Amino acid sequence: MPTDPTTEFSSPASTVIGDPNAPNPTSPPDGVVPGGPVGDRRFFGHPRGLSTLFFTEFWERFSYYGMRALLILFMTATVAEGGLGFDAATAGPIYGLYTAMVYLMSLPGGWIADRFLGQRRAVLIGGIIIAAGHYCLMMSGLPIFYTGLAFIVFGTGLLKPNISTMVGQLYSEDDGSRRDAGFSIFYMGINAGSFVSSLICPFLAQQPWFRTQLVSWGLRPESAWHWGFGAAAIGMTFGLIWYVIDGKSLGNAGAKPAPEADPVLRAKQNRSLAMGLGGLAAVVALVAVLNATGAIHLTIDGFVGAFNYIISAVVILFFGGLFLFGKWSPVERKRLVVVLALFVAASLFWAAFEQAGSTLSLFAQDTTNRMLGGFEIPSGWFQALNALFIIFLAPVFAGLWIKLGAKRKEPSSPAKFSVGLLFVGLGFVVMMGGAIAAGSGAKVSPMWLVLTYLLHTIGELCLSPVGLSTMTKLAPPRIVSLIMGVWFLAAAVGNFLGGQVAGLYEKLTLPALFGLSAGTTIFAAFILALLIKPIKELMGGVK
């Protein structure tokens with residue numbers, strides 16, 4: 001979760017190596033004090049601008065994960081309880097579609113910022129759109145609910161890849177050690193924001209004490225859900241205020257886009273953007289008119305089915321074009337095969353891991369004994385466990401890899417991917433045990449979920465931090481940004497698949513449902529382990 005794939009995009013978010021007009025994330029923009037001994041060290045030895053981006057990202061992730069902790073629970077809560085009254089077969093695919101689109105929109109978001117807006121303005125516009133989406137969720141009604149989700153998707157696509165880019169632009173080219181440490185600090189902002197929001201938003205939305213308080217204030221207790229969404233909206237608003245007031249500390253980082261130097265190419269890009277936006281608006285308007293006139297009938301199943309074809313086509317066209325039309329050397333072509341193999345592994349990993357907000361959240365709500373003395377633990381609180389484990393375990397794993405590397409015993413990238421898949425699968429084996437224990441109808445111990453989140457976090461730390469780094473090493477230099485987009489695409493595919501699995505929550509028995517995820521990921525881990533040696537040979541010396 002908080003080690004989200006967009007963060008791994010890191011500083012080179014959408015920069016094409018070899019393109020002289022693309023922004024170089026490792027060199028300081030004009031007007032920014034370079035790093036190094038004479039550089040800006042006003043924020044714990046780092047540039048003052050890092051604090052601006054740290055707290056902006058803290059509040060943006062606060063809003064995203066706080067809302068996400070409530071999303072499927074709100075959709076499946078009965079109308080009498082203030083929810084939408086959806087069954088899991090409807091709510092699961094909506095959840096998967098939403099989270100998949102968040103990651104998929106980061107691809108055009110980075111390109112638009114690079115060529116037209118600049119990262120600084122893209123983050124601001126994206127944050128405003130995100131806040132508007134959360135404020136929509138504070139209101140009742142299905143149309144405004146879907147509008148809010150759409151706003152958050154488009155806003156996050158503008159904000160997420162570009163705020164990471166600006167972190168890299170705060171440091172000079174020869175300040176690599178401080179830049180790496182700066183990203184570690186920035187990364188902690190993500191986990192801290194996720195942890196805090198996963199406690200606050202579910203408390204407001206779910207805790208019986210707060211609902212009693214609403215009654216004492218003369219308000220409807222079922223409106224508590226919208227107070228939880230409102231906390232996410234206020235969090236994003238805090239982030240925007242901080243970003244605007246403290247933005248001067250960023251210098252010129254991300255201030256200007258990097259359009260094509262060739263006027264002909266620049267005009268072509270402008271036309272492409274105008275045609276893309278115009279085409280999107282035309283399609284939306286046409287669908288709205290056809291739906292209003294009764295010519296077509298829009299349904300969630302229709303949207304999900306259409307997206308299934310869209311994302312499948314994107315994957316096929318992406319890799320098909322890469323292999324069929326690219327002019328690669330034999331070594332490059334072999335490395336692209338490895339990229340494809342790791343893409344499949346990452347997609348399966350995220351499909352299982354991202355069920356934290358769907359099947360695991362429903363299990364916490366319906367099947368887990370959440371009473372601690374006289375206090376009822378909100379089911380959304382369990383999603384804070386991943387962030388908590390990340391905060392404590394990330395330094396441990398970093399030290400472990402360094403120690404093993406010094407002894408030349410550090411596992412290879414495909415080996416780490418295999419271990420990551422294994423641990424996420426073992427987490428679902430634990431959930432199978434919890435589901436079997438709940439077979440009698442009794443509520444089960446929360447320790448089933450605690451152990452599952454611990455195993456999933458270990459798997460995440462084995463796979464996620466190394467994933468994008470490996471892909472960028474494997475990528476031919478002239479298409480490194482394109483290959484970095486694979487990580488976004490894998491996250492989108494994985495989230496969408498995870499949503500489809502969540503849709504089976506009420507159709508399969510829980511042991512069978514969790515067994516499906518366990519069996520798929522453990523089998524994938526086994527196959528990948530068998531392929532470690534040939535994959536390493538295809539990597540052509542990349543470590």
Side-chain angles (χ1 to χ4, degrees), residues 1-10 12-14 95-110 153 156-157 160-161 164 307-308 310-323 335-358 413-425 456 459-475 479-501 517 520-521 523-525 527-528 531 535 539:
M1 181 182 72
T3 310
D4 61 59
T6 52
T7 307
E8 297 306 324
F9 212 45
S10 168
S14 46
Y95 175 88
L97 179 62
Y98 161 72
T99 52
M101 288 297 294
V102 163
Y103 291 114
L104 201 59
M105 284 297 104
S106 294
L107 296 174
V153 164
T156 305
K160 269 305 293 176
S164 298
F307 189 78
N308 185 38
I310 291 170
I311 200 165
S312 298
V314 168
V315 173
I316 292 171
L317 291 174
F318 179 87
F319 283 104
L322 206 61
F323 283 102
R335 290 177 179 176
L336 290 175
V337 173
V338 178
V339 169
L340 175 59
L342 297 184
F343 167 83
V344 173
S347 298
L348 292 175
F349 176 86
W350 295 121
F353 182 85
E354 290 295 346
Q355 290 181 53
S358 55
S413 297
K416 290 179 181 177
F417 266 63
S418 179
V419 173
L421 282 165
L422 174 63
F423 270 90
V424 80
H456 282 192
E460 179 187 9
L461 289 169
C462 290
L463 182 143
S464 184
V466 74
L468 188 58
S469 174
T470 301
M471 289 192 176
T472 55
K473 292 176 183 177
L474 292 169
I479 60 161
V480 67
S481 289
L482 188 65
I483 298 302
M484 284 195 290
V486 169
W487 202 243
F488 285 98
L489 189 57
V493 171
N495 275 271
F496 185 69
L497 292 175
Q500 304 304 299
V501 174
S517 294
T520 301
T521 49
F523 179 73
I527 296 298
L528 189 58
L531 296 175
I535 287 177
M539 292 172 70

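Quantities reported herein were computed from a predicted structural model and do not represent experimental measurements.
Between atom CG of residue L322 and atom CG of residue L340 there is a gap of 9.0 Å, rounded to the nearest 0.5 Å. One distance of note links OH of Y103 with CH2 of W350; it measures 7.0 Å at 0.5 Å rounding. Rounded to the nearest 0.5 Å, atoms CD (Q355) and CG (L497) are 10.0 Å apart. L421 contributes atom CG, which lies 11.5 Å from atom CD1 of I527 (distance to the nearest 0.5 angstrom). Once rounded to the nearest 0.5 Å, the distance linking CZ of F417 with CG of L348 reads 11.5 Å. Distance check, rounded to the nearest 0.5 Å: CZ of F318 to CZ of F323 gives 9.5 Å.
Side-chain contact between M105 and T156 is absent, with no heavy atoms from C-beta onward closer than 4.5 Å. Between L463 and F423, every side-chain heavy-atom pair lies at or beyond the 4.5 Å cut-off. In this structure the side chain of L528 reaches within 4.5 angstrom of the side chain of I535, judged on heavy atoms. Looking only at side-chain heavy atoms (C-beta outward), F343 and V315 come within less than 4.5 Å of each other. Between K473 and S413 the shortest side-chain heavy-atom distance does not fall below 4.5 Å.
Judged by distance alone, the side chain of S106 and the main-chain N or O of G157 form no donor-acceptor pair under 3.5 Å. No donor-acceptor pair closer than 3.5 Å links the side chain of S464 to the backbone N or O of E460. Judged by distance alone, with hydrogens and angles left aside, the side-chain atoms of S418 form no donor-acceptor pair with the main-chain N or O of P414 at under 3.5 Å.
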Just do the side-chain contact (heavy atoms from CB on, under 4.5 Å) check on V102 and K160 with the steps written out, would you?
CA-CA 9 Å; V102 163; K160 269 305 293 176; 6.0 Å; no
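The two atoms that bring G498 and S358 nearest to each other are O-OG, 4.5 Å, heavy atoms only. Scanning all heavy atoms of the two residues, the minimum distance from A100 to A492 falls at CB-O, 3.2 Å. Taking both residues in full, the closest heavy atoms of M539 and L474 are given as CG-CD2, 3.9 Å, listed atom of the first, atom of the second, then distance. The two residues G425 and T521 have their closest heavy-atom pair at CA-OG1, 3.0 Å.
No side-chain donor from either of E354 and T99 sits under 3.5 Å from a side-chain acceptor of the other.
Taking the six-membered ring for Trp and thresholds of 30 and 60 degrees, F349 and F353 have nearly parallel ring planes, at less than 30 degrees apart.
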